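Here is the structure we will look at, set down as structure tokens.
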Amino acid sequence: MATWEDVRRIALALPETHERPSRDGVPQWRVRDTLFVWERPLRRADLHALGDAAPDGPILAARVPDVGVKEALLDEDAGVYFTTPHFDGYPAILVRLDRISTPDLEELVAEAWLHRAPKRLATAYLDGRAR
């Protein structure tokens, strides 16, 4: 379904967003200098914790407003959204990129951006979309 090019296109269309590699060299997208979505390959501990349920495709991580939103996404579609013990108690969700629809990806990335963008920038963006 969705690809890294979709993530890149969606994220970079948002104001004051840039892409840069992490220390591990994987892409991450930031508004000003605040991380909101990033590639998140599974690590050894993740693979161990997930066992046979560990996905083998591309994985996107996205910030969410709070753990309640994370839980709602997990309940909504466990085939797309998941988490690992590393993210317990942390407001971020993992996404099987090859299972999420492009419209759902657009919504997820925009919501992550809105949550992490400076308030004035987010308000200006929303005001511009309302016209």
Side-chain angles (χ1 to χ4, degrees):
M1 301 264 258
T3 67
W4 289 117
E5 284 306 312
D6 293 323
V7 174
R8 183 170 285 114
R9 174 184 52 77
I10 295 163
L12 292 177
L14 296 165
E16 298 191 37
T17 295
H18 64 278
E19 178 180 341
R20 76 176 198 204
S22 70
R23 285 177 266 159
D24 300 335
V26 297
Q28 49 182 225
W29 292 269
R30 295 173 173 261
V31 54
R32 294 198 178 155
D33 200 37
T34 303
L35 182 67
F36 66 99
V37 291
W38 64 100
E39 182 178 350
R40 178 48 166 79
L42 293 179
R43 298 178 177 140
R44 186 182 340 219
D46 299 326
L47 294 169
H48 178 72
L50 293 171
D52 291 340
D56 58 4
I59 298 169
L60 175 73
R63 286 293 303 260
V64 293
D66 56 53
V67 175
V69 171
K70 175 182 180 172
E71 295 299 327
L73 287 169
L74 290 169
D75 289 343
E76 179 182 309
D77 194 343
V80 172
Y81 304 105
F82 72 105
T83 191
T84 65
H86 176 79
F87 288 98
D88 284 351
Y90 186 73
I93 191 82
L94 298 174
V95 182
R96 291 173 176 91
L97 191 59
D98 56 358
R99 291 190 183 181
I100 192 170
S101 70
T102 304
D104 286 346
L105 177 65
E106 288 171 349
E107 182 179 350
L108 180 73
V109 171
E111 288 297 321
W113 182 91
L114 284 167
H115 173 64
R116 302 292 285 167
K119 189 172 188 155
R120 287 184 182 168
L121 181 61
T123 300
Y125 172 74
L126 291 173
D127 288 349
R129 283 183 34 187
R131 292 182 190 154

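One is the number of the first residue; the rest follow in order along the sequence. For clarity, every value in this text was computed on a predicted model and none was experimentally measured.
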[X] with [Y], same ILVMFWY side-chain cluster at under 4.5 Å:
X	Y	value
V37	V64	yes
L12	L14	yes
Y125	F36	yes

Exercise. More than 12 non-hydrogen atoms from neighbouring residues, nucleotides or ligands closer than 6.0 Å to CG on D56, yes or no?
Worked result: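 No, because the 6.0 Å sphere around CG of D56 holds 12 heavy atoms or fewer from other groups.
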Exercise. Does atom NE2 of H48 have more than 12 heavy-atom neighbours, drawn from other residues, nucleotides or ligands, at distances under 6.0 Å?
Worked result: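 Counting neighbours around NE2 of H48, 12 or fewer heavy atoms of other residues, nucleotides or ligands fall under 6.0 Å, so no.
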What heavy-atom pair brings [X] and [Y] nearest, and what distance separates the two atoms?
X	Y	value
G57	D98	CA-OD2, 4.1 Å
L50	P55	CD1-CD, 4.1 Å
E19	P27	OE2-CB, 3.6 Å
Y81	L108	CE2-CD2, 4.4 Å

Problem set entry | Rounded distance (nearest 0.5 Å) linking atom CG of D24 with atom CH2 of W38 |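 Interatomic distance, D24 CG to W38 CH2, rounded to 0.5 Å: 13.0 Å.
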Are the side chain of [X] and the backbone of [Y] linked by a donor-acceptor contact shorter than 3.5 Å?
X	Y	value
K70	F87	yes
R30	R20	no
D127	A124	no
H18	V31	no
D66	G68	yes

Mind listing the side-chain donor-acceptor pairs of residues 110-121 below 3.5 Å, one per line with the distance, residues two or more places apart or on another chain?
| unit_1 | atom_1 | unit_2 | atom_2 | d |
| --- | --- | --- | --- | --- |
| W113 | NE1 | P15 | O | 3.2 |
| W113 | NE1 | T17 | OG1 | 3.1 |
| R116 | NE | L35 | O | 3.0 |

Exercise. Is D6 salt-bridged to R9, cutoff N-O under 4.0 Å?
Worked result: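 Between R9 and D6 there is a salt bridge, with a charged N closer than 4.0 Å to a carboxylate O.
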Exercise. Less than 4.0 Å between a side-chain N and a carboxylate O, is that true for R99 and D77?
Worked result: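 Salt bridge absent between D77 and R99.
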Beyond-backbone contact of [X] with [Y], side-chain heavy atoms, under 4.5 angstrom:
X	Y	answer
W29	V109	no
I100	L60	no
V80	D104	no
R44	L47	no

Would you give me the side-chain donor-acceptor pairs under 3.5 Å for residues 88-97, sequence neighbours excluded?
| unit_1 | atom_1 | unit_2 | atom_2 | d |
| --- | --- | --- | --- | --- |
| Y90 | OH | R63 | NH1 | 3.1 |
| R96 | NH1 | A78 | O | 3.1 |

